[in-house]
Structures are given as C-alpha cells and as structure tokens.
Student: 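Quick one: structure below, then a few questions.
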Amino acid sequence: MHLSEQEIIRRQNLQAIEALGIAPYPAELFDVSHHAAHIKAVYQEGAEGFDNVRLAGRIMMVRDMGKACFAELQDSSGRIQIYVRRDDICPGDDKRLFDEFFKKLLDIGDFIGVEGFVFRTRTGEITLHVRSLKLLSKALRPLPIVKTDAEGNVYDAFNDPELRHRMRYVDLVVNAGVKDTFILRSKMIRTIRNFLDARGALEVDTPVLQNIPGGAAARPFITHHNALDIPMYLRISNELYLKRLIVGGFDWVYEFSRNFRNEGIDRTHNPEFTILEFYVAYKDYHWMMEITEQLLEKVALELHGTTDITVGEHVISFKAPFRRLGILDAIREHTGYDVSQMDEKGLREIAQNLGIETDASMGKGKLIDEIFSEKCEDHFIQPTFIMDYPVEMSPLTKRHRANPELVERFELMINGKEIANAYSELNDPIDQRERFEEQARLKERGDEEAMFIDHDFLRALEFGMPPTAGIGIGIDRLAMLMTNQRTIQEVLFFPQMRPE
RNA sequence: GAUUCCGUAGCUCAGCCGGUAGAGCAAUACACUUUUAAUGUAUGGGUCCUGGGUUCGAAUCCCAGCGGAAUCACCA
C-alpha cells in the first residue's frame, strides 16, 4: 500500500495520540447541544443559554497564535470559529494536551467535540471559547482544502468532476453548495409527496425486479433468478403495475420509481434514475395538465419562494397555467409547415427539406416525432404542454376523442427538455392487445426497445380499468431545473461511473 | 458506440521547440496571546495514468490500453 508523505505523518500522529492515552476512535456518544449555523444566527451578547455549548464536527482550518489558536469547526450546518487557549484546556502544569495533542497531532479533517461558551471577538466574529476538547475520530487522509476570501473568490477548488463524483463524501465536505443542492432535491420530493398526500393519493411500492420489463420503450438490464431459473429484469418503468392497482380499485396511486435503462451515460442520462408516476381514476389528460402545473408551481414556491426560477441563462416561470400546444401546431410554429393532413410521403419530403435523415422504416408517427425533436423541442424554454401525439408512438395511450390518428398524450417541455409524459390511459383491452402485437412485430424485426407483450396486464384490463389519467415526471431533471444544475451527475449523490 | 480534448505533489495548476521535476495552497520545524483565503523564515514531498516504441537521453515525440470531460448517436 503506497502512502503519501501526509498520510504517513497522520498515521504517526495517530500512534502518538494513542501513546498519550487518548482514544482516536472513542465508542461513547458525544452529547451535541448546538449547531454552528444556529449559534451564528441567534447569538447576541449577553444572551442566555450560550455558556455550556457542546459542538461536534471537523476541524477545517487552524490559525496558530502561539499559546492560543483560532480554528474553524465544520458541522452539518456550517462552520463556526472556535478559540482554544492553552491555559483553558490545560489548567495544570501539564501542557501536553495543548502543545502536543492539539497543536501537533490534530489534523484538518479530524472530528472533535468541544465544550465552552460563545463570545464575539473584537473583530466581531461569533466564536466558541473552548473549555474542553475531545477527539472523536482521526482522519488519515488529508482533505483538499478549498479557501474562499471575503469577496467570495474560491481558491484551489476541488473541481475535477471525476474525483468529485467518485469521492462524493469529500466533495460534500469541502465544496460549499453541494450539500445545498441535495437538500433542495430532498425538499422538492417532500413537497411533491405532501402535495399528493393532501389530495388523497396513496404512495405504493411495486416490483423493481420484473419478469416482463414493460411500460416503456428501452433496453433493460437483465439478471437471473437462481431458484426459479428464469431471467429477470430491472424495471424500466412501473407503469403497468400502477395501472393494475387502478384496476384493483384505488383511485389515485403514486410511486417514486427508480428505473433502470441499459443505455448511454451523459449529462442528462444515468443508468438508474427516478420518475414520479401517478395514475388517477376517472380523469383525463386535460385534468392531468391542470394538476401538473399546480404541482410544479407549488414546488417552485416551496423551494424558492417565487415561481420565477433561474436556470442557466433563462428565467423560467412556473406560474400556472402553462401553455398548451398540439404537436402539429408546434411544428407549424417552428418550421412553417402544416403537416396535419399529410401522408407518409409528404412528411418524409418535409423532413428531408429540414435536413433530417430519414429511413424507410420510419412511419408517419416517427417522422412527426423526429421533426418535432429536431426542429421544435429546443425552443420550448418556458413550460409548455405539447399535446396530441401520433398514435404509432404511443402504444399505451388512448386514442384522441376527435382524431383517431392521434392519442391523448402530452409531454411537458421545459428548458428545451422533456420533463413529463402523460396520457389518458388506454383502457380498451382489445385495442391494447392489438397495440402490443404491433410492438411484438417491431421486436421481431430487431427493434430492441419495442415492448414485450404482458399477458397478465392484458388480463387485468379485461377485468376492466376505469378511465384513467397517468403521468411520469422526471425527478432528476426536475431537480436539475430547481437547483440550476446543468448535469444529472450534480443531482445524484453517486452517479454511475466506470469502476476504478 | 464515434470524434476531439485532458491525465504531473494531498488539492489547483505550470512545464511539453526532447537535456537532472516547478508554483500556490496543504504538510513539517521554529517564532508570535484575539486571528479572518494567504504572518514570517526554513524544510520535506512525485511509478509526471499504465505498457510498449523512437532516441545517447522521454513528463515532453509515436502507438496501444485505462480513466475522465465535451460533442454526436440511443434514450428520460
């Protein structure tokens, strides 16, 4: 095992600490009474309750002044300065606890617990004057120290994405703001959960390991069940299970579903990701648009106190209602072509005029989808419901009430990206069987993402499913918007990477 | 999966017309009793990603591999 100079020194310090009779990893609890941020927020001179304060955290910086030191202690809430004077922590003749242990053997990154009283230094810094100090855990590796000056300039930032993501624990300790992103993500999920629960929705758990990976068009991860000796799949979607629960008589079910798709990794894709799905009986996709815009408006308000959210160069308004636009109208708006009455041949010509590569396998629906995603999608920065997709692309969606070539589907576009996908759910079991059979034909022709036929799901539909609206909302992408992050890796604690 | 760029001290980076490996922070030692990213002085620290090749000589040039980033493809 190769150790750097600094690691060797820390191991020597560890041994020296033990030689002084001090436990480097004590077992007993340390009774924390306060947190740094709270003290800094509420402390006033002469205030009660600040004379027996117990804090615990990492030492992040030491300013050595000889017989006294200033140090910065970082706990889960933030940093606070502590003042350690030799004669306070070593009242007798034996000064080793300060001269040896504190000044020489403690390192940046070590966890300590301190007890003392809060005061304000002559430069105005709220500080804990330490009366006693205890080592709680010794750190054997040096942290990359990031410094920030009074103007907010950051020096020596720990900013290599590979190291930050592989060692997120270090990233969280040293990079201010990383924690805040994840706290905001958590608050976002809590807000959504509260919103749904308040309306009577039931949070449910459905299988992650599935026999048939249904509900979406994607390549699954395959595994194997030994006792049953059958292949199993990590779910690409939980859609078909939530619909079974609607068949069973629940009015509104939801699940934050961790899905797995065996596809590329880039700044908007991770092999496992989270989608909120919910299904509501007796509703349609118009109702779903209303509840979705209310939900997102609520999330923006809870997280930021405003509906205007800054995302990169844009300010995005989450104020409901959002714009609604048919996909064919969107194409007319951004290409000038009216494709509503066109046949496949006409669509192919237009696609080619627009510089889109086409091939013979593309049907009408696929061509419309291509034209939209190549030429239109990027333009929808403000939240927009794109509605009424071609039927070919949507095997689980009810046909449009007024136009049988379309389906009652919308995708919510924000910042040029799809954030949500929703339908009036197909509940006609005969139509559903035909659509599955069409998918099966595509699969036989080599389309790896075409859907499997799920006979049990068809059986469920044959028992009868009420008219239902359903939606999937990309939680990671929504978190990117709400935290103004440009990569999915920044909103996942441990994004997938190649093993070291 | 394709293309381009990158990989040097614990961290951030320089060095790359081939000629003994550099800086700042961090570390070590000493001095300093209230400091605010950076007190002063001194010191130590590197399989220059890995493996091959060219060369008298490679961190530097060439090839392959590994890892990362960006763009594209697939997808949410």
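Numbered from 1 within each chain, the chains take letters A, B, ... in sequence-line order.
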Student: Which is true for A:T123 with a 4.0 Å heavy-atom rule: it touches a base, it touches only sugar-phosphate, or it touches nothing?
Tutor: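 Base, at least one base heavy atom under 4.0 Å.
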
Student: So does A:T127 reach the base of B:U34 with its side chain, donor to acceptor, closer than 3.5 Å?
Tutor: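 For A:T127, whose side chain was compared with the base of B:U34, there is no donor-acceptor pair (under 3.5 Å).
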
Student: On a whole-Å scale, what distance lies between the C1' atoms belonging to B:U33 and B:A14?
Tutor: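 Here B:U33 and B:A14 have their C1' atoms 40 Å from each other.
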
Student: Distance between the P atoms of B:C6 and B:C63, in whole angstroms?
Tutor: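 Approximately 13 Å lies between the P atom of B:C6 and that of B:C63.
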
Student: Do A:M480 and A:T487 pass the side-chain contact (heavy atoms from CB on, under 4.5 Å) test, and can you show the C-alpha distance, the side-chain angles, and the key distance before you say yes or no?
Tutor: CA-CA 7 Å; A:M480 287 165 65; A:T487 74; 5.5 Å; no

Student: Base, sugar-phosphate or nothing for A:G474? Non-hydrogen atoms, less than 4.0 Å.
Tutor: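 Counting heavy atoms under 4.0 Å across all strands, no contact is made by A:G474.
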
Student: If we take the P atom in both B:G15 and B:G19, what is their distance in whole Å?
Tutor: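 Going atom to atom, P in each nucleotide, I get 13 Å.
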
Student: For A:Q81, report the nucleic acid contact type (base, sugar-phosphate, nothing); a contact means any heavy atom under 4.0 Å.
Tutor: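 Base contact - A:Q81 has a heavy atom under 4.0 Å of at least one base atom.
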
Student: Would you say A:R122 places a side-chain N or O within less than 4.0 Å of OP1 or OP2 belonging to B:U35?
Tutor: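 Checking B:U35 against A:R122, a side-chain N or O does come within under 4.0 Å of OP1 or OP2.
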
Student: May I ask you to verify if any side-chain N or O of A:R498 is less than 4.0 angstrom from the OP1 or OP2 atom of B:G68?
Tutor: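 For A:R498, the contact criterion (side-chain N or O under 4.0 Å from OP1 or OP2 of B:G68) is met.
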
Student: Side-chain N or O of A:R267 less than 4.0 angstrom from OP1 or OP2 on B:U71?
Tutor: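 A:R267 to B:U71 OP1/OP2: side-chain N or O found under 4.0 Å.
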
Student: What contact category does A:F158 fall into here, base, sugar-phosphate, or nothing, at under 4.0 angstrom with non-hydrogen atoms?
Tutor: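 The answer is sugar-phosphate, as A:F158 gets under 4.0 Å only of primed atoms, P, OP1 or OP2.
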
Student: In whole Å, what separates the C1' atom of B:G46 from that of B:A21?
Tutor: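 One C1' to the other, the span is 8 Å.
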
Student: Taking only side-chain N and O atoms of A:R120, does any of them lie within less than 4.0 angstrom of OP1 or OP2 on B:U34?
Tutor: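 So the side-chain polar atoms of A:R120 never come under 4.0 Å of the phosphate oxygens OP1 or OP2 of B:U34.
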
